[in-house]
Structure formats: structure tokens, C-alpha cells
*Asks:* 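Below: one structure in C-alpha cells.
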Amino acid sequence: MEQSRKHLEVSSSFFLVYVEVIILLSCFNLQGLNLLGLASPVAGGNETDQQALLQFKAKIIGDQLRSWNSSIHFCQWLGVTCGRKHQRVTRLELQFQKLSGSLSPYIGNLSFLRELNLSGNNFRNDIPQEIGGLRRLETLSLINNSLSGEIPSNLSACSKLTLVDMTGNQLTGEIPSMLGSLSNLKVLNLQNNSLRGSIPPSLGNLSSLEVLSLAINRLTGIIPEAFRQLTNLSDFSVAQNAISGIVPVAMFNLSNIRLFDIGQNKIQGTLHSDISITMPYVEFFSITGNQISGQIPHLISNASNLNVLHLADNKLSGNVPSLEKLNKLYKCALAINHLGHGEEGDLNFLCTLVNNTKLEFLYLIQNNFGGVFPECISNYSSTLLHLVIGENKISGRIPDGIGNLINLEFLAIAQNQLSGHIPFDIGRLQNLKIFSADNNFLSGIIPYSIGNLTMLTKLGLGVNNLQGNIPSSLGKCLNLLEINISYNNLNGSIPREVLELSSLSIELDLSSNYLTGQLPVEVEKLKNLGYLDVSQNKLSGLLPNNLGSCVSMEKLLLDGNLFEGSIPSSLSSLRGLEALDVSNNNLSGGIPEFLVNFGALKYLNLSFNDFEGVVPSEGVFKNASATFVEGNNKLCGGIP
């Protein structure tokens, strides 16, 4: 009996120890069990999740998910988060992991999933319909992949969704109207895909929606009237589609809007100056690139938080209202409209921006603005970077105070009616990259101070009444890519310093002036230049033999001068030449045979010189409409 009692005590002690060990082991997580080699197979829902993840991994090309293995519990795998209670996957966050492959339909078995973020990878093919079975899903982010096919219509079954972002894929088909039943949705971003069809009016039922972006697709139809109900909307963009019709007027009174962008569509309709606009928080407002007519509403000036105002490329007319209250405006684009009346007072609104300390970009090009160039622009903040007011009817002088805009990078005043001289203080604009003042009535000299514009890449002063010499100081503008000072009254010789600008690659146009002397030998430095035009001047002497060093030349126009001698043999190096015009000079000798081998040559004018010998009949000379040799009495042969 005593022995039985002792045996029972020993058995009881062993059992208690066993129970304590089991309890102790249960305090470890499954990772600890795995390390001890005592873990039992995962069962039930946990096994379902693990298998779903392994199937997901199986569709991935490469070994970016090599850490997904049995050495640790799947809840510890990269990008996986599990709930504490049931050890079920609640979040799968694998954004920017360089993953490539397709999405496994087994992802639909992660029934506890609340967040799925696969942004910034290279997933391809369709979005599996099984995602529609994730009833607990709140966030779906598939940004910047290569997913194709249609948006699963049964996504509407994920009734807890608050964010759906599929930006930057290759999705096609229509936007499912059933998405309008996602009553908790706050963000719907489908921009930069290839979606077609109309915008579903049912999206107007998404009363919680704060962000709706359908930009950069192929959507047609109209903006639904039901969108007036989206009173919580802060960001709205349908830009760069083919949407037509008119904008529901009530949308201009969505008082929480911060971004409103309907640009680059086919939207029509008429704005009235007294239209009600109640967008007190709007920061970005764009209707650019449509067919909207009428006037700019006066109440736009009450949008005191406005940073960007894009009204360009429409059919707007009339006066621009005061912009005095827009103290946060940094970009104002009113270009390509019919604004102004071509008379004095059209530009009064510019002076209402004088106290704006944030304005950087002002675009008024291609309108009907008249009146004198306002002096008040000299008092603009030094923050101004772009002043683009060309192709209007602006008269008067360039304000002497233009030099106060010391950070200006782009000054475009071409195709106006400006007169007077170019201010000497233009040389203070040492950040200026583009100065375009072609097609005006500017007179006087090109100021020597222009050499201070060392950042300049483009200088356009053609078709004016400028006089005097070309300033040699231009040789200090070592970033110049193109110069056009044609059709002026400039005289003197071509400065050697200008021809030493090896940066010139696009254009050097000095044509239709009164330049004299020889073409300097420094022309050989223009190895990157594609277009050289010194035609219609009074240049003389021999053509420089080193002209053949300009190996990038595509168009070489030397006509209407007093050049003499023969065409240099070095020109045989210009094999990319498309146009050569040496007409109306005093050139002599034979027509160079190498011109026959210029396969790119489409225009050759040798007329009215003193060439002699036989006209070749091959190459460009086969084309009678591309070759001109008349006025050379000593030539013979060739194609009639």
C-alpha cells in the first residue's frame, strides 16, 4: 500500500512537472517553439494564412522574399503583421521591395486582412477577383505597378474600404459603378491608367469621399451632376482625359475643396464674372486646356489660400479681376485665351500683385492684352522666376527697373509692340536663362551689360530695329545654346568671341543685318552647332577653309553676301548637311563632287554665282525641285 502511495506521488509529481513545462513552453511564441523543435503543425485559420502567403510568394519572380521560410513563424516574415489574439494576418505591407510577378488569387484567403500595400513594385497581369472576398479590408494600395485588366467589380463587397489607390498601372475597362456603394471610402485614386468609358454617377453617393482622382486616363462623357453631393471632397482631379460637357456649377461651392483640376479635357460651358465661387480653402485650381468661354469670376479673388491658378488654353475673354487678396499665389497661368481688349488698362491687374511675396511664375502669353508695359512690375518680389507675356499687343518701353527682378530665369516679351531701348540694367538678371524679345520695335544698341547674363541659354532679339555692333561681351555667356538677332540694323564685324562659344548647338542666326568683314576663322569652334545663318549681310572674302570643322551642321545659309573664291573642300566633312545655300555671292570654281554623296541634303542653292564646269547628275542633283543653279553662265550639263 505504501509502495502504491509512493508510486502515485511520483506519478503526480511527474505530471505536475510535465504540466509546468507545457505551461512554460506556451509562454514562448511560436518562434521559440520552432527553435526548440517542439512546435506542432499550424492548424486551422493560421494554416490557411500561411499557405496563402506561400502561394503569394510562389508567384514572385526572384528571391526577394527568401526570408519567407520555416525558420521563423510567418507572422515574423517581412511585411507581414498578425493580430495578437488569433495570429491571423491583418496587414501585408511590401511596398518598394522590387517584387515582380503576378498576384496570386490565394491572397483572397487572408480573411482577416485589413491593409494590403504592394505599391512601387512590378506586379503584372490582372488584379484577382478573389480580393473582393476580403471583407475586413480597409486599405488597398497598388500604386505604380504594371497591373492590367479591369478593376474587379466585386471590390464593392469590401464594405470597410476607406482607401483604394491604383495609381500608375495599365488598368483598362470602365470604372465599376458598384464602387459607389463603398460608403466608408475616403480616398479613390485611379489616375494614370488606361480606363475608358464614363465616370459612374454612383460615385456621387460616396458622401465620405475626400480624395477623388481619375486623372490621366481615357475617360469620356461628362462630370456627373451627382458630384455636387460630395461635400467632404478636398481633392478632385479628372485632368488629362476626354471629358466633355459642362462642369456642374454646384461643384464651385464645395467648400472643403483644396485641389480642383479638370485641365486638359474637352469641357465647354461659359463662366460669368458674377458666378458664385465658395472655395475658401482651395490651393490649386485648374481648368487649363479646355474650351471654356466667358470671363474670369471676380470671386476667385476671395480664394486667399490659392497657390496655383491655371486658366490657360481656353476661350476666356474680358478683363482680369483684381488679384490683390491672393497673397499666397505663386503660379498664375492665364496664357492662350482672348483676355484683354487690346487697349490701355488691360494690364491693371498686374499692379494688384505687387504686394505678393510668393509669386514665381506669371504666364500671360497669347492673349489680347494691350496698353503699356506696367512700371509696377519693377516692384514685384524678387521671388519671380518666369515672366512670360509675349504674343500680345503690349506697347511702351521695357521698364528700366526690370533689373530689380534679380532671380528672373525666363523673360519672354516677344511679338508685342514694345519700343525704346533694352535697359542697361538687364545685366543685373544674372540668373536669366531665356531672354526672348523678338518681333517688337526695340531700337538702340544691344547693351554691353548683356555679357553679365552668364546663365543665358537662349537669346532672341530678332525682327527689331536694333543698331550698332554685336557686343563682344556675349562671348562671356558660356551656356548659350541659341542666338537669334536676325532682321535688325546691326553693323560692324561678327565678334570672334561669339564664334568661340562652343556651347552653341541649336542656332546662330545673324541674318538680314548690315554685317561686314570676313567670316572669322573662329567659326571652327562651332563643332556642336546645327544651324548657322549669316545670309543677307555684307560679308566678304573667302569662306574659311576650317568651316568643315562644324561637323554637326545641318543647315548652312551663306546667301546674299559678297563671298568669293571656291567652296572649301573641307565642307566634305559636313555629311549631315540638310540645307546649303550660297546663292547670290561671287563664288567661283567648279561644283564640288562631294555634294553628290551628301545623302541627307534636301536643299541646295548655288544660283547667281560664277560657278563653272559640269553640273553633277547624281545625289541631290537628281531632284530638280531641290537644286538651284541658275544665274551661273559657265555651267553646263546636269538634269534639265
Side-chain angles (χ1 to χ4, degrees), residues 372-375 377-380 382 384-390 394-501 503-504 507-517 520 534 537:
V372 299
F373 198 144
E375 288 280 349
I377 283 184
S378 303
N379 298 322
Y380 270 32
S382 59
L384 193 64
L385 300 177
H386 289 192
L387 178 59
V388 182
I389 60 174
I394 301 171
S395 58
R397 304 162 67 93
I398 303 173
D400 288 333
I402 197 81
N404 296 336
L405 307 178
I406 55 174
N407 288 306
L408 204 62
E409 296 178 356
F410 190 170
L411 177 58
I413 55 177
Q415 294 187 46
N416 278 291
Q417 299 169 13
L418 296 168
S419 57
H421 65 276
I422 299 172
F424 183 83
D425 274 1
I426 199 82
R428 294 179 59 197
L429 306 180
Q430 295 186 21
N431 291 309
L432 201 63
K433 296 177 181 177
I434 295 178
F435 180 29
S436 172
D438 310 83
N439 294 85
N440 280 288
F441 302 105
L442 298 173
S443 57
I445 63 169
I446 301 174
Y448 194 82
S449 63
I450 206 162
N452 296 334
L453 309 182
T454 55
M455 301 295 290
L456 207 61
T457 61
K458 177 180 179 178
L459 176 63
L461 299 175
V463 196
N464 279 287
N465 297 317
L466 296 170
Q467 302 165 344
N469 296 336
I470 299 173
S472 60
S473 61
L474 273 176
K476 295 190 291 183
C477 301
L478 300 179
N479 291 297
L480 272 168
L481 302 176
E482 53 184 311
I483 298 175
N484 187 337
I485 49 179
S486 62
Y487 290 92
N488 279 285
N489 298 312
L490 299 169
N491 54 38
S493 60
I494 299 174
R496 302 177 187 276
E497 295 84 352
V498 173
L499 297 184
E500 289 175 342
L501 286 170
S503 60
L504 285 169
E507 174 186 49
L508 176 58
D509 191 347
L510 311 179
S511 64
S512 299
N513 281 287
Y514 297 94
L515 300 174
T516 56
V534 295
N537 279 286

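The first residue in the sequence is number 1, and the count goes up from there.
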*Asks:* Could you tell me whether the side chain of His421 reaches within less than 4.5 Å of the side chain of Asp400, counting heavy atoms only?
*Replies:*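 Answer yes - side chains close enough.
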
*Asks:* Side chain to side chain contact (heavy atoms under 4.5 Å, CB included) between Leu508 and Leu499: does it pass, once the steps are laid out?
*Replies:* CA-CA 9 Å; Leu508 176 58; Leu499 297 184; 3.7 Å; yes

*Asks:* Kindly indicate whether the side chain of Leu478, heavy atoms from C-beta on, has any atom under 4.5 Å from the side chain of Ser503.
*Replies:*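 Result no, sub-4.5 Å side-chain heavy-atom pair not found.
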
*Asks:* Any donor and acceptor pair, going by atom type alone, linking the side chain of Asn439 with main-chain N or O of Val463 inside 3.5 Å?
*Replies:*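 No, Asn439 side chain to Val463 backbone: no donor-acceptor pair under 3.5 Å.
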
*Asks:* Roughly how far, to the nearest 0.5 Å, is CD1 of Ile377 from CG of Leu405?
*Replies:*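 Rounded to the nearest 0.5 Å, the CG-CD1 separation comes to 8.0 Å.
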
*Asks:* Evaluate whether atom CZ of Phe373 has more than 12 neighbouring non-hydrogen atoms of other residues, nucleotides or ligands under 6.0 angstrom away.
*Replies:*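 Enclosed.
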
*Asks:* For the side chain of Asp425 and the backbone of Gly403, is there at least one donor-acceptor N/O pair under 3.5 Å apart?
*Replies:*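 No; judged by distance alone, with no hydrogens or angles, the pair does not exist.
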
*Asks:* Decide side chain to side chain contact (heavy atoms under 4.5 Å, CB included) for Thr516 and Asn491; before the verdict, give the C-alpha distance in whole Å, the side-chain angles of both, and the deciding distance to 0.1 Å.
*Replies:* CA-CA 7 Å; Thr516 56; Asn491 54 38; over 6 Å; no

*Asks:* Check whether any side-chain N or O of Asn488 sits under 3.5 Å from a backbone N or O of Gln467 as a donor-acceptor pair, and report yes or no.
*Replies:*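 Not confirmed, Asn488 side chain does not pair with Gln467 backbone.
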
*Asks:* To the closest 0.5 Å, what do you measure between CD (Glu409) and CG (Leu429)?
*Replies:*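 Separation between the atoms: 11.0 Å.
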
*Asks:* Closer than 3.5 angstrom, by distance alone: can the side chain of Asn407 be matched with the main-chain N or O of Ser382 as a donor-acceptor pair?
*Replies:*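 Such a contact is found between Asn407 side chain and Ser382 backbone.
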
*Asks:* To check you understand the geometry: which heavy-atom pair defines the closest contact between Ile483 and Leu480, and what is its length?
*Replies:*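 Smallest heavy-atom distance, with atoms named: CD1-CD1, 3.8 Å.
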
*Asks:* Donor-acceptor check, side chain of Thr454 to backbone of Cys477, threshold 3.5 angstrom: yes or no?
*Replies:*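 No, the answer is negative, given that no donor and acceptor are paired below the 3.5 Å cut-off.
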
*Asks:* Answer whether the closest heavy-atom distance between the side chains of Leu515 and Val534 falls below 4.5 Å.
*Replies:*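 Counting from C-beta outward, Leu515 and Val534 never come under 4.5 Å.
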
*Asks:* Taking Asp438 for the side chain and Leu459 for the main chain, is one N or O donor matched with an acceptor at less than 3.5 Å?
*Replies:*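 Answer holds: no.
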
*Asks:* Between Asn464 and Asn440 (side chain of the first, backbone of the second, donor and acceptor by atom type, cut-off under 3.5 Å), is there such a pair?
*Replies:*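 Here the side-chain-to-backbone pair exists.
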
*Asks:* Looking only at heavy atoms, what is the nearest atom pair of Lys476 and Asn452, with distance?
*Replies:*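 So the minimum-distance heavy-atom pair works out to NZ-OD1, 4.1 Å.
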
*Asks:* Find the distance between CG (Leu408) and CD1 (Ile402) and round it off to the nearest 0.5 Å.
*Replies:*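 That separation rounds to 6.5 Å.
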
*Asks:* When you look at NZ of Lys433, are more than 12 heavy atoms from neighbouring residues, nucleotides or ligands closer to it than 6.0 Å?
*Replies:*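 Counting neighbours around NZ of Lys433, 12 or fewer heavy atoms of other residues, nucleotides or ligands fall under 6.0 Å, so no.
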
*Asks:* Given side chain to side chain contact (heavy atoms under 4.5 Å, CB included), test Ile422 with Leu442 step by step and report yes or no.
*Replies:* CA-CA 7 Å; Ile422 299 172; Leu442 298 173; 4.2 Å; yes

*Asks:* Report yes if the side chains of Phe410 and Val388 come closer than 4.5 Å at any heavy-atom pair, otherwise no.
*Replies:*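 Heavy-atom side-chain distance check passes, below 4.5 Å.
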
*Asks:* Which heavy atom in Pro399 sits nearest to a heavy atom in Pro374, and how many Å separate them?
*Replies:*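 Taking Pro399 first and Pro374 second, the nearest heavy atoms are CG-O, 3.8 Å.
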
*Asks:* Looking at side-chain heavy atoms only, is the closest gap between Phe435 and Ile426 below 4.5 Å?
*Replies:*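 Phe435 vs Ile426: side chains touch.
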
*Asks:* May I ask you to test the Met455-Gln430 pair for a side-chain heavy-atom distance under 4.5 Å?
*Replies:*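 Counting from C-beta outward, Met455 and Gln430 never come under 4.5 Å.
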
*Asks:* Under 4.5 Å between any side-chain heavy atoms of Leu466 and Ile485, yes or no?
*Replies:*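 Not touching, per the 4.5 Å side-chain cut-off.
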
*Asks:* Checking the side chain of Asn465 only, and the main-chain atoms of Ser443 only, is there a donor and an acceptor separated by less than 3.5 Å?
*Replies:*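 Answer holds: no.
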
*Asks:* Decide yes or no on side chain to side chain contact (heavy atoms under 4.5 Å, CB included) for Tyr448 and Ser472, but give the supporting numbers first.
*Replies:* CA-CA 8 Å; Tyr448 194 82; Ser472 60; 3.9 Å; yes

*Asks:* Kindly say whether Asp509 contributes a backbone atom to a donor-acceptor pair with the side chain of Ser486 at under 3.5 angstrom?
*Replies:*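 Looks like no, no N/O pair under 3.5 Å.
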
*Asks:* Once rounded to the nearest 0.5 Å, what's the spacing between atom CG of Leu453 and atom CG of Asn479?
*Replies:*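 Rounded to the nearest 0.5 Å, the CG-CG separation comes out at 11.5 Å.
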
*Asks:* Taking all heavy atoms of Ala437 and all of Ile413, pick out the closest pair and write down the distance.
*Replies:*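 Where Ala437 meets Ile413 most closely, the heavy atoms are CB-CG1, 3.7 Å.
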
*Asks:* Please report the shortest heavy-atom distance between Asn537 and Ser511, naming the atom on each side.
*Replies:*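 Looking at all heavy atoms of both residues, the shortest contact is ND2-CA, 3.8 Å.
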
*Asks:* Can you find a pair of side-chain heavy atoms, one from Asn431 and one from Ile406, that are under 4.5 Å apart?
*Replies:*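 Not in contact.
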
*Asks:* Looking at every heavy atom in both Val498 and Leu474, which two are closest together, and how far apart are they?
*Replies:*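 The pair with the smallest heavy-atom distance is CG2-CB, 4.0 Å.
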
